[in-house]
Structure formats: structure tokens, C-alpha cells
Amino acid sequence: MVDENIYIGESITIFQLLKNGQWIGNYGVGLHGFLSKFLVGIIFLITGPNVFIPTLLNISFAILSGVILFTIIKKNFHFKEIYAYLGVTLLFSSYQFVLYTPTFYRDIGALLFTILFVQSILNQKNGWVSGLYLLLLLDAKEHVFFTVVPAVLVWILVNQYIVYEKSKKAFIVEVIKKGLQFFLPSILWLVLMFTTSLIPLNIYNANILGLVQGEFEDMSKGFSLDRATYNQDAQFNLAVPKGIPVLEAPVGASNFEAFIIYSINTALSYVGKIFYPRTFSFLSIPFVFLIPSILTSFKYLKYWSQKERKELLLLPILLHVFLAIYILRASLGRYLLPIAPVILIFFLLFLKDVRRKKDFLITILSALGFSLLGFYFEYSYVLVKVILTLGLFITFFLIYFINDTKNKEKLKYLLITLISVFAFGSAIFASYQNGQIGAYIMYGYNRECEKILSLVSDDKKIWINDIGWDRLPSILRGEDVQDAEWKWSLKDWIPKKKL
């Protein structure tokens, strides 16, 4: 994977610089953050460069994420232990989690620090601790940080309004205080990044903040209609994926008519994105538990507001804001991974509450309706997906209609297990067809690149076929040093540009 090669290459650059007694701040090692690469680079001083160490670090982050989720489900929401285990099973078996855990992609780190931040709020820890976790999230994956920030700002305002509704002065003071605790560490980090040699440049931060040539032009393109609603399946097979049907303006249409048609088509485009397989499905988060989670989050938003459970209000606010930005911006299914624990918590709350009442039936029917509509855009193994999905909803309806508590509980366990098996099976099958498992079977461990390099000296050239690993030899040799401004150029007045 191209991005993973870059991250490993930057880790090796860090290793070489540290080995030579040089600091890394002015080198191109900060793409999507540098701290985990720095840790890998230090370990490389002992082990030498390899692919195993960064992969092991990612796996460790993934396991720690599961441990924290288990603690949150059991301690903060008082579920029985079996539900905590099942909740972690849902996370560990999810498509994106399975595919990206045995890699050095940044999404697993973003998942870990998002869930650590959530835990710090639920446990009502000192605001500076939460601010530290946000800083680590900024370094792990900046776009996740900037997606979480609006939700945190809304939560701070709501939180302090509940406490200081009758005192505007106290409200403003506490909002500023909380804002400093939560965001000052990240602000200082960014200032040091752009003004000193201490923190390596992450050019994506500069792009998001408009500190590159062209300012916000390129960043804003991610929110353009065409890019935001693009069917990602078209990247893999242009002829097969379906698009949402749109209206065409008749010849001679007035400006008003053209505006109405454009508005309808805009709405249809976003609706289409919601139902495209790589937005919400078993390739990311399936409707079978996404819809119950969203509807349950609105229910608990109201309930926790009435009970003034300020810390718990973060969860629905975070979920709603995150999903809104995910839909409105160009996005990939793996972008949902950091918010997956919140979705899973609300799904467990739905299952805990479900009983024979009209609102629960409406929730199940809504999830079924979204799932069936999603099949319109599916193009591979459709019959298998339909049969398995219908099996899940039969279990759903049995949970709803059966009154016996003991049997209802068993069916809930069965439903979670079936979802987990379906998701895990999808991920393993994809890995076998086009991913790591298939590549290992065909080409060997890391395509035997390290073994090949061991057979020749570093000054020898190697002729290879481009089978997806053509950059790895250069990376392991430390030849693939990247320019920090590789994609955009900083504005001339930014001090970092001259360092």
C-alpha cells in the first residue's frame, strides 16, 4: 500500500537521522503525524529497519483500543461482561479494523486516541488530560482531529450552558477555560510545527489551515459536490458501479427551474452517497446497526439532556457531527473507524432497551429499509449479501416479538455474533482476493523483499516487476527520503519554509 510505504520510509529516515545524531524537525517525516514513526525509528536503532516492528505497533494500538472499549462498555454503561466482550468483538471483526490492523496505516492510531479522549470525558478527568489526547489525535491523523473539534466545541457550549444557564459571565469564563484546556496543547503543537525545527511539518495541517499557496482552494475541493458524492467503487471498476439517477434540466428552462432542478440533484447526490457500498455497508459500518445506533443516539441525547448527564452528551454530539462531515466531504469507508466505538455503544444501548413497542419496530424497519435500498448499488455477490442480511433481520424481528427474557437475551448474543462473523468473513475474503492474504500466498512474506535485499549489497541496482512493492526496496534501503512540502508549498511568510 502506497501510504504505508511512505510511513515506513519516514520511520527509516528518522532512524537514520537519529543514528547520525541529527534531529528530525526539518525533514520530511511528518506526513499525517510523526510520533508513532519516531517510536518505530527508536526501535529500529536496536533491530534495524524492517516491516514487522511498525506492524506490531499498529496491532498493539488495536488491542489497546479494544481493552479501553471493553472498560467503557462495562464501567461507564454498566453492561454485563458478556456485552462488553461482544461489543469488542463487533469492533475487532469490522471490515476496516481487520484490514488495517496488520498494517502501518494511521487509522488505528486515530481510533486509539479518539477512544482515549472519549474515555477521559466519560470519566470526567482533568481537561488537560483530554487536551493531551486531542493532541495525540492531531498527530495520529489530522483530518480526524479537525472532524472531532467541531463536535467538542458544541459539547463544551452545551455542557457549560447546562451548568451556567443563569450566569452569562460564568458561562463565558468556563467556555474559555475548557477551550484552553482542550485545545491549547494542540495549538502550541501547531505553532511549534510552523515556526521551529522542533516538530516535523505535516503538510496536511498546513493545507487544512490555509497556510499553503492557494490557501483554502484545494482543501475546499473536498466539499465540492462532485468530489464529496463520488462513488468510490468507480475507482476499482468504472463500468459496474451505479450512480444515483438525477434530473436533467429541459431545454429553455428558466433560471428558477434550473435552480430547483440543481437543488433536487444536489440532494439526490448526497442520498446516493449514503447508499453507495463504500460509504455505509459491511465494507465500513453496515446499516443493520448504524441506523439503530443513530436513532438511539437521538433518544439518549434527549434523555441525558433532561438528566443533565453532561459527560455522556459528548457521545451523540460527536456521532452526529462526525457523520455529517463524513457525508458532506469526500470520504472513504475507513474514515469511520475512529467513530466506530461510539456507534457500537449506541447499538448495544438499543439492544438493551429493545422491547415490544412501536418506536423499536420503526427502528428495525428503518434499518431494513436502508439495507434494502443499499442493495440497488451493490454489484458483487448481491444474492449472498441479501440472504445474509435477511437472516440478520429475521433475528432482529425475533428479538422484538419474543417476550421470554432469557430467549431474547440469547437472540441478542446471536445477532451480534452473526454480524461479527459476516463482517469478519467479508474482510478476510477481501484480503484473500486483493489484499495481504492473497499477496502473501502469491508472493510470500512482504513479497520476500527483505530476503532479496539481503542477497545484494546496498549499492547494487535491482530490476523488479511492478507487482505492488516497487517502492519497498528503496524504502528499506533508506533511499526514499520525501520532501516535507511534497504535495503543497507553504506560504512564503511561514518561518518553517526557511528552516
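- Ala140 and Ala110 make their closest contact through CB-N, 3.8 Å (heavy atoms, listed as atom of the first residue, atom of the second, distance).
- Ionic pairing of Lys352 and Glu409 is not present here: no N-O contact between side-chain nitrogen and carboxylate oxygen is shorter than 4.0 angstrom.
- Smallest separation of non-hydrogen atoms from Ser371 and Val288: OG-N, 4.0 Å.
- Under the 30°/60° scheme for interplanar angles, the aromatic rings of Tyr445 and Tyr440 are found to stand perpendicular.
- Between Lys412 and the choices Ile82, Val354, Thr417, the side-chain contact (heavy atoms from CB on, under 4.5 Å) rule is met once, by Val354.
- Phe77 and Tyr83 have their aromatic ring centers separated by at least 6.0 angstrom.
- Using cut-offs of 30° and 60° on the angle between ring planes, the pair Phe92 and Phe97 is parallel.
- Between Phe275 and Phe377, the ring planes are parallel. Angles under 30° get that label, and only those over 60° would be called perpendicular.
- Pro292 has its side chain out of reach of Phe346: every pair of non-hydrogen atoms, C-beta onward, lies at least 4.5 Å apart.
- Looking at every heavy atom in both residues, Lys80 comes nearest to Tyr413 through NZ-OH, 3.3 Å.
- Applying the ring pair (Phe, Tyr, Trp, His ring centres under 6.0 Å) rule to Tyr335 yields the partners His143; only residues at least two apart in sequence or on another chain are considered.
- For Tyr105 and Tyr100, the distance between ring centers is under 6.0 angstrom.
- Note that CG of Leu57 is 11.0 Å distant from CD1 of Ile108, once rounded to the nearest 0.5 Å.
- Residues satisfying the ring pair (Phe, Tyr, Trp, His ring centres under 6.0 Å) criterion with Phe70, sequence neighbours excluded, are Tyr85.
- Between Phe350 and Phe396, the ring-plane angle classifies as perpendicular under the 30° and 60° cut-offs.
- Using cut-offs of 30° and 60° for the angle between ring planes, the Phe347 and Phe289 rings count as tilted.
- Put simply, OH on Tyr7 and CZ on Phe34 are 15.5 Å apart, with the number rounded to the nearest 0.5 Å.
- Lys299 has no carboxylate O lying under 4.0 Å from a charged side-chain N of Asp359, or vice versa, which leaves the two without a salt bridge.
- When all heavy atoms of Thr363 and Ile291 are compared, the closest pair comes out as O-CG2, 4.4 Å.
- Partners of Phe422 by ring pair (Phe, Tyr, Trp, His ring centres under 6.0 Å), not counting sequence neighbours, listed by chain and number: Phe282.
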